Amino acid sequence: MKRNGKMESTMIDSIYLDESLEIRWYKPESFSPMYKYQLCIMQDGNDYFQMGRIATLSDQLHSDGQIKNTVFAGIHYRDRNDRIDKYHPDGKKHEAFLQFLLHEVLPVLEDDLPTLHMGATRTLMGDSLAGTLSLVAALRFPHTFGGVVMQSPLVDEAVMREVREAKQLDSLSIYHTVGTNETSVPTSFHKEMDFVEPNRSLQEYFRSKDIDYTYRELQDAEHTWKYWQRDMKQVLTDVFG
């Protein structure tokens with residue numbers, strides 16, 4: 001499919017993860033080094049580009065003036081176990097992945113892109129466990145990553161521990177959705193989990209704090225890309241418009 005914008009990529013030989021990972025980013029058609037750009041870094045990056053149709057939406061929403069100048073970057077995982085190891089707070093590679101995001105991914109992107117170098121203009125986005133990673137990374141580094149978009153994040157006691165221990169919640173802007181039919185979701189942990197009640201508990205906690213927070217429940221939506229993609233246009237216009 002013809003794109004108006006331009007997809008670029010590079011390989012990062014990570015000293016933190018001891019592996020090479022590809023980073024891809026999509027520049028809008030009007031991209032110019034004379035402008036400044038918001039930056040959205042997506043976990044499960046290939047899924048966002050393919051099933052989320054981020055490039056198509058970026059073309060459409062930039063053309064219609066519905067979002068401000070934004071570059072979307074994606075990082076993907078190798079397999080199910082690798083995703084758990086990197087994204088879950090108790091994962092074996094989680095701490096290394098956070099350092100990778102902070103010290104290797106961000107410098108590469110901001111060396112190429114004219115951004116504002118401010119946390120408020122950098123957003124981490126993810127679905128399910130990738131949404132969990134986005135939240136935890138922003139909780140750990142709130143002055144670097146000021147925005148979070150999490151679609152149906154996995155919320156368990158480890159995640160709530162990170163939330164309760166966060167020191168700078170008031171500097172974050174969090175956008176949070178979950179589907180009302182996500183009550184029995186097959187997971188990579190080899191068990192079904194209820195995503196609705198833990199996410200409702202998380203929203204109750206955030207609403208008790210003085211933060212910029214948006215929570216939406218998607219009626220009759222399940223834990224699949226069919227519903228995340230259907231909601232993507234509203235997410236992007238709400239967060240980047």
Side-chain angles (χ1 to χ4, degrees), residues 1 26 40-61 64 66-67 70 72 74 76-77 80 83-84 87-89 123-139 147-160 162-163 172-209 211-241:
M1 179 180 296
Y26 190 74
C40 177
I41 303 176
M42 306 173 296
Q43 322 309 316
D44 286 0
N46 291 355
D47 294 341
Y48 271 93
F49 282 125
Q50 294 166 11
M51 291 183 281
R53 304 173 188 167
I54 282 293
T56 299
L57 286 169
S58 174
D59 287 346
Q60 174 190 339
L61 298 176
D64 293 345
Q66 291 182 266
I67 60 174
T70 305
F72 295 93
H76 208 62
Y77 55 90
R80 181 180 65 184
R83 187 170 183 262
I84 293 173
Y87 291 0
H88 191 269
T123 296
L124 298 174
M125 181 160 69
D127 62 291
S128 194
L129 193 54
T132 303
L133 181 280
S134 298
L135 173 63
V136 172
L139 294 174
V148 177
V149 175
M150 48 184 182
Q151 298 177 283
S152 308
L154 183 147
V155 178
D156 61 10
E157 183 50 39
V159 176
M160 291 306 300
E162 294 278 350
V163 171
L172 296 180
S173 178
I174 299 174
Y175 195 97
H176 179 190
T177 65
V178 69
T180 57
N181 282 359
E182 297 184 49
T183 54
S184 183
V185 177
T187 71
S188 298
F189 296 94
H190 304 290
K191 62 180 180 180
E192 293 188 345
M193 298 176 67
D194 175 12
F195 275 61
V196 177
E197 287 306 318
N199 273 280
R200 286 175 176 165
S201 297
L202 180 60
Q203 69 91 19
E204 288 176 3
Y205 183 86
F206 282 143
R207 289 197 188 284
S208 72
K209 305 296 180 182
I211 62 173
D212 179 9
Y213 178 66
T214 300
Y215 176 77
R216 292 192 297 115
E217 291 194 354
L218 309 182
Q219 293 303 310
D220 302 323
E222 300 176 2
H223 196 81
T224 70
W225 267 103
K226 173 182 177 181
Y227 299 94
W228 297 325
Q229 200 288 324
R230 185 180 293 173
D231 191 47
M232 192 63 68
K233 182 176 180 180
Q234 180 169 347
V235 170
L236 298 184
T237 53
D238 285 352
V239 176
F240 301 107

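Numbers here simply count residues along the sequence, with the first being 1. What you see below is based on every heavy atom in this structure, not just the backbone, and it leaves out hydrogens, waters and symmetry mates. Since the structure is predicted, the reported quantities are computational estimates derived from the model, not experimental observations.
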dist Asp127:CG -> Tyr227:OH (nearest 0.5 Å) comes out at 15.5 Å
Taken to the nearest 0.5 Å, the spacing of Met193 CE from Thr183 OG1 works out to 13.0 Å
So CE of Met150 and CG of Leu124: to nearest 0.5 Å the spacing works out to 11.5 Å
Just so I know, are the side chains of Phe195 and Val155 near enough to count as touching, which here means a heavy-atom distance under 4.5 Å? no
Taking every heavy atom of Gly52 against every heavy atom of Gln229, the minimum-distance pair comes out as O-NE2, 3.6 Å
When every non-hydrogen atom of His76 is compared with those of Asn46, the smallest separation belongs to ND1-N, 3.2 Å
Checking Gln151, Arg53, Gln43 against Tyr48 for side chain to side chain donor-acceptor pair (under 3.5 Å), the one that qualifies is Gln151
Rounded to the nearest 0.5 Å, the CG atom of Leu129 sits from the OG atom of Ser152 at a distance of 12.5 Å
- request: Go through Asp47 and Tyr77 one step at a time and tell me if the side-chain contact (heavy atoms from CB on, under 4.5 Å) criterion holds.
  value: CA-CA 10 Å; Asp47 294 341; Tyr77 55 90; 3.9 Å; yes
Less than 4.5 Å apart, any side-chain heavy atom of Val159 and any of Pro89? yes
Value for CG (Asp156) from CD (Glu162), rounded to nearest 0.5 Å, stands at 10.0 Å
OG1 of Thr180 to CD of Gln219, rounded to nearest 0.5 Å, is 4.5 Å
Begin from the C-alpha positions of Ile174 and Lys209 and carry the test side-chain contact (heavy atoms from CB on, under 4.5 Å) through to its verdict. CA-CA 12 Å; Ile174 299 174; Lys209 305 296 180 182; over 6 Å; no
Requested in this report: List the steps, then state whether side-chain hydrogen bond (donor to acceptor under 3.5 Å, both in side chains) holds for Tyr26 with Asp59.
Outcome: CA-CA 10 Å; Tyr26 190 74; Asp59 287 346; 2.7 Å; yes
Angle between ring planes, Phe206 versus His176, binned at 30° and 60°: parallel, tilted or perpendicular?
perpendicular
* Is a salt bridge present between Glu197 and Arg200, judged by a nitrogen-to-oxygen distance below 4.0 Å? -> yes
Would you say that Leu218 contacts Glu182 through its side chain, given a criterion of any heavy-atom pair below 4.5 Å between the two side chains? no
- Can you find a pair of side-chain heavy atoms, one from Leu154 and one from His223, that are under 4.5 Å apart? no
**Asked** Do Pro153 and Asn199 come within less than 4.5 Å of each other through their side chains, counting heavy atoms only?
**Response** yes
Task: Ring geometry between Trp228 and Trp225 (parallel below 30°, tilted from 30 to 60°, perpendicular above 60°) - done: perpendicular
Is there a side-chain contact (heavy atoms from CB on, under 4.5 Å) between Leu139 and Leu172? Walk through the geometry before answering.
CA-CA 8 Å; Leu139 294 174; Leu172 296 180; 3.8 Å; yes
#### Entry: Test side-chain contact (heavy atoms from CB on, under 4.5 Å) applied to Val178 and Tyr215, step by step
CA-CA 8 Å; Val178 69; Tyr215 176 77; 3.4 Å; yes
Enumerate, atom names and distances included, each donor-acceptor pair closer than 3.5 Å involving a side-chain atom of residues 234-241, sequence neighbours excluded.
{"residue": "Thr237", "atom": "OG1", "partner": "Lys233", "partner atom": "O", "Å": "3.0"}
{"residue": "Thr237", "atom": "OG1", "partner": "Gln234", "partner atom": "O", "Å": "3.1"}
{"residue": "Asp238", "atom": "OD2", "partner": "Tyr175", "partner atom": "OH", "Å": "2.6"}

